[in-house]
Amino acid sequence: MPKFYLTTPIYYVNDVPHIGHAYTTILADVIKRYKQQRGYRVLFLTGTDEHGQKIEKSANKQGLTPKQLADSMVERFKQLWQTLNIEYDHFIRTTDEVHIKGVQKIFSKVKEKGDIYLGEYAGHYCISCENFIPESIEETADGKRTCPDCGRPTDNRVKEKCYFFRLSAYGDRLLKFYEENPEFVTPRSRMNEVVSFVKMGLRDLSVTRSTVKWGVPVPGDPQQTIYVWFDALSNYITAIDYLNEGKRFTTYWPADLHIMAKDILKYHAVYWPAFLMAAGLPLPKKELIHGWWLKDEKKISKSSGNVLDPHILLKHFNPDAIRYFLMREASIGADGNFSHEGFINRVNTDLTNDWANLVSRTTGMIEKYFANSFNQPAVYTYKEEEIRGRFGTLEKTALDCFDQYQFNRGLEAIFEYINYLNRYIVEAQPWNLAKEEANQPRLAGVLKTLTRAILSVNALLAPILTDTAAKVRTIFNAPGQDLGWHDLPEVFSILPGMQLFPRVDSKVFFTEVPQEDAAQQAGAAAPQGDAAQQAGAAADAAFSLPTIPDAANVIEIEDFKKVQMVVARVLEAEKVEKADKLLKLKIDTGDGTRTLVAGIALFYKPEDLVGRKIIIVKNLKPAKLRGILSEGMILAASDANNRPYVPILPDDTPVGAILK
RNA sequence: GGCGGCGUAGCUCAGUCGGUAGAGCAGACGGCUCAUAUCCGUUAUGUCGGGGGUUCAAUUCCCUCCGCCGCUACCA
């Protein structure tokens with residue numbers, strides 16, 4: 001029996017589970033069930049990433065230990081997976097002993113080899129993103145930098161000893177590997193991104209932190225903590241007992257499939273293979289990269305407040321509806337769009353009208369015309385042969401699609417066949433056959449053929465529609481979900497009267513669900529929510545930009561006075577060549593003119609600003625941008641997407657006036 | 001700015017290795033009654049993003065422009 005080892009990323013416990021987590025995990029579950037049907041012994045791994053400063057901070061804020069915070073979030077994830085009928089085989093937590101020791105083992109191994117060395121890193125560190133800010137981003141006057149990922153100013157300048165991974169030594173080997181395994185990353189467009197990233201040159205990667213305590217300690221140097229990606233990525237091997245290199249490890253590694261969203265591609269397709277090469281371990285066979293779910297065409301994010309909570313959907317739908325919609329509507333690689341309208345439409349049309357109704361009308365007739373059981377001979381015609389033949393074609397198409405993880409296409413083909421069966425009923429007109437006793441065998445032939453076709457299709461749908469498929473098997477008294485054309489015993493009976501898939505009332509759906517969604521987003525649900533939910537909300541709050549300064553952020557008036565802000569008039573403005581976002585401004589500050597570069601070109605045209613009175617920070621240390629010396633900073637408000645809004649003062653504001 | 005991708009019916013998308021295009025949904029009309037007011041049939045609409053080129057012929061190839069998306073650089 002061939003093995004198949006597949007993984008989802010481990011989810012960061014600072015996040016409440018959302019539709020994106022659900023999608024990745026459902027996709028993995030569908031693949032697991034499908035592979036099992038195809039005769040693989042599958043190991044399906046998921047889990048949680050629980051380390052890092054962010055967790056430490058969140059936990060402190062709530063008076064919890066990081067582990068307690070993680071525990072509550074883990075429960076939340078596990079509950080959701082259960083509700084969605086996710087059958088993972090193992091749930092790894094980065095706080096598991098076997099993981100911690102396993103990470104230390106890889107670390108030591110790579111260090112022995114000389115690919116981890118002690119160095120010193122001085123740089124700005126974004127706690128929120130757990131990333132150093134690149135050197136290329138220059139400092140502001142107060143010695144801060146803005147994190148390019150989240151736009152937040154960095155808290156602190158970190159200068160520390162830390163261990164580096166010699167990533168720079170792996171560029172050529174990685175490129176060679178990609179060349180020899182062009183299918184390593186799917187879809188191909190993502191593979192291209194990886195290749196071009198590596199071709200630009202790789203820098204060594206710092207893999208430990210002395211400033212972070214909540215994590216895996218470096219063996220032999222407990223001052224240092226192994227940090228994010230080295231820790232997190234290792235879960236794929238520590239979970240299967242890399243520590244002892246036990247049977248599970250030798251059986252299942254290398255992984256057959258890592259599944260993830262596009263935002264963590266680089267780590268999985270560049271860092272992870274390099275780590276493994278350094279540790280002398282085989283590389284995973286394939287990485288499947290999917291897009292993000294958009295809600296009503298907009299990116300889902302906490303800052304824009306449109307997080308899609310799977311729990312709300314699950315209150316109104318059975319899990320199959322969600323599983324089906326997500327598999328049917330997204331093509332791997334592209335972003336999927338989640339709209340309530342699209343969801344209800346897809347579910348009601350396909351699942352209720354087409355599939356459930358096909359089963360319902362078939363069982364209805366068997367009940368009505370044969371009192372639920374067959375024990376008489378049946379007559380078949382060429383038409384029934386055709387139905388069987390077309391199922392063969394369908395199955396081949398569907399399995400081909402599934403093998404390439406194109407579930408949307410496979411499902412499309414399956415539903416085409418379901419429609420064909422609905423048409424067959426109209427053509428055969430069983431209700432007319434039923435009118436004459438002489439037609440009984442023919443009628444039996446039609447209904448038996450329908451039963452066989454339904455059971456055959458049901459097996460194809462089973463990996464996706466788990467509960468529904470089980471219901472169909474119960475109705476027709478047919479256990480087993482093997483692929484292929486299903487046979488029937490000479491004599492058999494069915495168990496009708498079960499509603500396969502309830503139709504969703506769109507009125508209820510359109511009023512109740514958006515309300516709950518909105519309530520959730522407004523945080524109104526928090527008071528009666530469980531501890532984990534509050535933990536999640538608190539964690540969110542801790543990392544959104546504060547609107548009211550908390551005690552730690554209060555400054556003295558003296559601090560404020562250090563910043564000299566004055567009114568300036570824009571004399572000239574032009575776009576900086578070879579830079580999308582930069583405008584070069586020549587301004588009059590009352591006591592002379594100076595040049596200033598501002599990253600607002602996406603939203604402001606030069607002519608929007610010429611002649612206008614704006615506010616600038618006058619005593620900012622000059623910085624070179626694209627070769628132009630910028631002597632000061634224009635003041636602009638910035639929204640969650642970093643879109644700038646430049647305050648324009650009244651025309652009669654005197655140039656050089658001081659803001660205080 | 002560099003690299004890559006995309007732009008096809010109201011919506012979501014398929015397709016054309018060059019001979020003016022389709023599937024589902026939504027819409028209109030009709031039919032059936034076994035079925036969860038379900039199902040079946042018929043049906044509309046498109047300068048296939050704009051412009052230019054190659055060709056007997058382009059939506060399909062080439063160039064260019066516009067718009068959108070991804071990676072990347074830039075955001076004092």
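By convention in this document, chain letters (A, B, ...) are assigned in the order of the sequence lines, proteins followed by strands, and residues within each chain are numbered from 1. The figures that follow rest on heavy atoms only: side chains count, while hydrogens, waters and symmetry mates do not.
Heavy atoms of Arg188(A) sit nowhere under 4.0 angstrom from any nucleic acid atom. Residue-level contact check: Val597(A) touches the backbone only, with heavy atoms under 4.0 Å from sugar-phosphate atoms and none from bases.
The side chain to side chain contact (heavy atoms under 4.5 Å, CB included) test applied to Asp204(A) returns Tyr117(A), Phe164(A), Arg166(A), Ser168(A), not counting sequence neighbours. Lys286(A) meets the side chain to side chain contact (heavy atoms under 4.5 Å, CB included) test with Glu183(A), Thr186(A), Leu257(A), Tyr405(A); sequence neighbours excluded. By the side chain to side chain contact (heavy atoms under 4.5 Å, CB included) test, Glu416(A) is found to be paired with no residue, residues two or more places apart in sequence or in another chain being considered. Applying the side-chain hydrogen bond (donor to acceptor under 3.5 Å, both in side chains) rule to Thr451(A) yields no partners; only residues at least two apart in sequence or on another chain are considered.
Rounded to a whole Å, the CZ atom of Arg346(A) is 13 Å from the P atom of rU12(B). Atom pair Asn192(A):CG and rG2(B):C1' shows a separation of 15 Å (rounding to whole Å applied). Regarding Asp263(A), its CG atom lies at a distance of 11 Å from the P atom of rU72(B), rounded to whole Å. Per the geometry, OH belonging to Tyr420(A) stands 19 Å off P belonging to rC39(B), to the nearest Å. Regarding Arg423(A), its CZ atom lies at a distance of 11 Å from the C1' atom of rC39(B), rounded to whole Å. A straight line from CH2 of Trp355(A) to P of rC39(B) spans 15 Å, rounded to a whole angstrom. Here rC74(B) presents its P atom at 19 Å from CE of Met633(A), a figure rounded to the nearest Å. Atom CZ of Phe197(A) is separated from atom C1' of rG2(B) by 16 Å (rounded to the nearest Å).
To the nearest whole angstrom, the two P atoms, one in rU20(B) and one in rU60(B), are 14 Å apart. Nucleotides rC65(B) and rG4(B) are separated by 15 Å at their P atoms, to the nearest Å. rC56(B) sits 10 Å from rG19(B) when the C1' atoms are compared, rounded to a whole Å. Rounded to whole Å, the separation between the C1' atoms of rG50(B) and rG7(B) comes to 12 Å. Separation of the P atoms belonging to rA57(B) and rA23(B) is 30 Å when rounded to the nearest angstrom. Rounded to whole Å, the separation between the C1' atoms of rU16(B) and rU8(B) comes to 11 Å. rC69(B) and rC40(B) are spaced 41 Å apart, taking the C1' atom of each and rounding to whole Å. Comparing the same atom, C1', in rG18(B) and in rA58(B) gives a spacing of 6 Å after rounding to whole Å.
Of all nucleotides present, only rU12(B) satisfies the Watson-Crick or G-U wobble test against rA23(B), with each distance under 3.5 Å. When both distances must be under 3.5 Å, the Watson-Crick or G-U wobble mate of rC17(B) does not exist. Across all strands shown, rC74(B) forms no Watson-Crick or G-U wobble pair with both distances under 3.5 Å. When both distances must be under 3.5 Å, the Watson-Crick or G-U wobble mate of rG4(B) is rC69(B). With a 3.5 Å ceiling on both atom-pair distances, the Watson-Crick or G-U wobble partner of rC39(B) is rG31(B).
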Set out, line by line, the N/O atom pairs under 3.5 Å between protein and nucleotides 43-45 of chain B.
none

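A salt bridge does not link Arg190(A) to Glu287(A): none of the charged nitrogens lies less than 4.0 Å from a carboxylate oxygen. Electrostatic pairing of Lys383(A) and Glu386(A) counts as a salt bridge here, judged by a charged N lying under 4.0 Å from a carboxylate O.
Looking at Thr349(A), its side chain never comes within 3.5 Å of a backbone N or O of Arg346(A) through a donor-acceptor pair. A donor-acceptor pair is defined here as one N or O able to donate and one able to accept, closer than 3.5 Å; no such pair exists between the side chain of Asn408(A) and the backbone of Glu329(A).
Note that the CG atom of Asp350(A) and the CD1 atom of Ile418(A) stand 8.0 Å from one another [nearest 0.5 Å].
Nearest to the side-chain atoms of Arg409(A) among the listed nucleotides rG24(B), rU72(B), rA14(B) stands rA14(B).
The shortest distance between side-chain heavy atoms of Phe501(A) and Asn357(A) does not fall below 4.5 Å.
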**Prompt:** Which letters describe nucleotides 29-38 of chain B, given B = protein heavy atom under 4.0 Å from base, S = only from sugar-phosphate, - = neither?
**Reply:** ---SSBBB-S
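Projected onto RNA chain B by closest heavy-atom contact, Thr349(A) and Asn419(A) fall at different nucleotides, the more 5' of which corresponds to Thr349(A).
Using a 4.0 Å cut-off, some side-chain N or O of Lys266(A) falls inside it from OP1 or OP2 of rU72(B).
If you look at Tyr267(A) and Trp229(A), their ring centroids are closer than 6.0 Å.
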